Amino acid sequence: MAGQSVSVWVVIVAAVAIVMIPTCTTAQLDTDVYMKACPQALPIIRSVVKLAINREARIGASLLRLHFHDCFVNGCDGSVLLDDTANFTGEKTALPNLNSIRGFGVVDDIKANLNSVCRGNVVSCADILAVAARDSVEILGGPSYSYEVLLGRRDATTTSINDANRNLPPPFFNFPQLLSNFQSHGLDLQDLVLLSAGHTIGLAKCTTFRARIYNETNIDPDFAASLKQGCPVNDGDNNMAPLDSTTAKFDTVYFKALLEKKGLLHSDQELFKGDGSDSDNLVQHYANNPNDFAVDFGASMIKMGNMKPLTGSDGEIRLNCRKIN
Ligand code: HEM
Ligand SMILES: *[C@@H]1O[C@H](CO)[C@@H](O)[C@H](O)[C@H]1NC(C)=O
Ligand SMILES: *[C@@H]1O[C@H](CO)[C@@H](O)[C@H](O)[C@H]1NC(C)=O
């Protein structure tokens, strides 16, 4: 009996060790990092996000995008939040971000609340972005879109505009360019398809989809015609259109739209061309399986959130998310 249970344990321990290897070599993030240091941290973030979304639903989309743009530039290190200084020009004026990313006021609000309630500077700006993104998805999508965020990231003390211009994918990228961009960040085809569905919420400017609605053939003609009204050839650059038809609801309508050639951005429609590719099949699957989308989206968000976090004594915990201590 004893011998048998020992060998059972050896097998279990060995199995656990094998399962643990990949997580140990990537990041030492964990779900309960603030349990002792500031048990109110996560509820505070959620309540500020909830209030902001009640004021303006779109801010949830903006917060989700902020986490994505943070992670894709030198990892999830809060670098996107840094204002320019004498020592560096930050990410905010990079092409994909300029007059486009938003939500900084909400992050400031969250940070101020945390600094006063937590009795000290304990919650990193990078973690705030990860939690605010999850909360936004959950508030706009409902409980099935919830997932546990891994925490313990620290904040960068520098960044550069060039890193943002080099690493963020533009909307005119073709499928191979999108895939290789995601692969360069350690993400795969499934992550590309799932995370692109972040476009189930939020808006895009005319400049980002004009070429598609006037010049592309892989687009529903009525859909293109209706968009042209708000996005003339030579005018209305900053006019906005919804990224899918249920822009304040996190759902699978984004995928259903791709099946009908109603993706707003060129990069969106690149994921479904009707040619039976692996990407096509994933879009089709998630369009018809909302539960799979909910579960798999959370898994891809965690994977994105694990990109090159600063841990241990690297970086710092910023007092003010806009500047280094
Ligand atoms: C796959 C490559 C991607 C490209 C080329 C891309 C491109 C864009 C563009 C051009 C916009 C409109 C910006 C503007 O007009 O100001 C946008 C908006 C947005 N993106 Fe992406 N994106 C990509 C992936 C993602 C990912 C991975 C997420 C999150 C998981 C995401 C979340 C969003 C959200 C939520 C918005 C709306 C933001 C708002 O309304 O404030 N995107 N994206
Ligand atoms: C720029 O870097 C120098 C040297 O590290 C530092 O002393 C100074 O405070 C920095 N300036 C700003 C605005 O961060
Ligand atoms: C459509 O394509 C033509 C030819 O390449 C180009 O001159 C024109 O600027 C494009 N229109 C838009 C709105 O991108």
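From a predicted model like this one, the values you see are computed outputs, not experimental measurements.
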Please indicate whether [X] has more than 12 foreign heavy atoms, meaning atoms of other residues, nucleotides or ligands, lying under 6.0 Å from its [atom1].
X	atom1	answer
Lys323	NZ	no
Lys228	NZ	yes
Asp278	CG	no

Looking only at atom types and distance, does a side-chain atom of [X] sit under 3.5 Å from a main-chain N or O of [Y], one as donor and one as acceptor?
X	Y	value
Glu316	Arg154	no
Asp280	Lys273	yes
Arg134	Ile302	no
Gln183	Gly186	no
Arg322	Asp83	no
Asp191	Leu187	no
Arg153	Leu150	yes
Asp220	Phe223	yes
Asn115	Leu319	yes
Ser196	Leu192	yes

Cut-off 3.5 Å, side chains only: do [X] and [Y] have a donor facing an acceptor?
X	Y	value
His266	Asn174	yes
Asn74	Ser79	no
Asn121	Lys111	yes
Tyr286	Asp296	yes
Arg65	Ser100	yes
His69	Glu91	no
Asp244	Thr200	yes

Does this structure show an ion pair linking [X] with [Y], if we count only N-O contacts that are shorter than 4.0 Å?
X	Y	value
Lys303	Asp188	yes
Arg210	Asp237	yes
Glu260	Lys262	yes
Glu270	Arg212	no
Glu138	Arg46	yes

- Task: Answer yes or no for Lys92 and Phe104: cation-pi contact, defined as NZ/CZ to six-membered ring centre under 6.0 Å and angle to ring axis within 45°.
- Result: yes
Within a strict 4.5 Å, meaning less than it, do heavy atoms of the [X] and [Y] side chains meet?
X	Y	answer
Leu114	Val122	no
Lys50	Arg55	no
Ile139	Phe250	no
Leu66	Asp70	no
Ser124	Tyr34	yes
Leu282	Phe272	no
Ser136	Ile53	yes
Phe255	Val193	yes

- Item | Reference residue Gln40; test side-chain contact (heavy atoms from CB on, under 4.5 Å); the match among Asn113, Val117, Ile45 | Val117
- Message: Applying side-chain contact (heavy atoms from CB on, under 4.5 Å) to Lys205 and Asn239, what does each step give before you reach the verdict?
- Response: CA-CA 6 Å; Lys205 281 196 296 286; Asn239 294 352; over 6 Å; no
- Message: Quick check: is Leu168 connected to Leu203 through a chain of hydrophobic side chains (ILVMFWY, heavy atoms under 4.5 Å apart)?
- Response: no
- Do Phe173 and Phe175 share a hydrophobic cluster, counting only Ile, Leu, Val, Met, Phe, Trp and Tyr and linking them when any side-chain heavy atoms are less than 4.5 Å apart? yes
- Task: Might you work through the side-chain contact (heavy atoms from CB on, under 4.5 Å) test for Cys231 and Ile213, ending with a clear yes or no?
- Result: CA-CA 9 Å; Cys231 184; Ile213 62 175; 4.0 Å; yes
What is the distance from atom [atom1] of [X] to atom [atom2] of [Y], rounded to the nearest 0.5 Å?
X	Y	atom1	atom2	answer
Asp108	Asn320	CG	CG	6.5 Å
Thr246	Lys256	OG1	NZ	10.0 Å
Glu148	Leu42	CD	CG	9.0 Å
Ser184	Asn167	OG	CG	6.5 Å

- Query: Where do Cys76 and Ala126 come nearest, in terms of heavy atoms and distance?
  - Reply: O-CB, 3.5 Å
- Are Phe72 and Phe182 near enough that their ring centres are under 6.0 Å apart? yes
- Run the numbers on Leu29 and Val149 for side-chain contact (heavy atoms from CB on, under 4.5 Å), then give the verdict. CA-CA 9 Å; Leu29 303 180; Val149 182; over 6 Å; no
- Task: Show your reasoning for whether side-chain contact (heavy atoms from CB on, under 4.5 Å) applies to Leu310 and Asp155.
- Result: CA-CA 7 Å; Leu310 297 168; Asp155 298 323; 5.9 Å; no
- Using the six-membered ring wherever Trp is involved, compare the ring planes of Tyr145 and Phe293 and label them parallel, tilted or perpendicular (cut-offs 30° and 60°). perpendicular
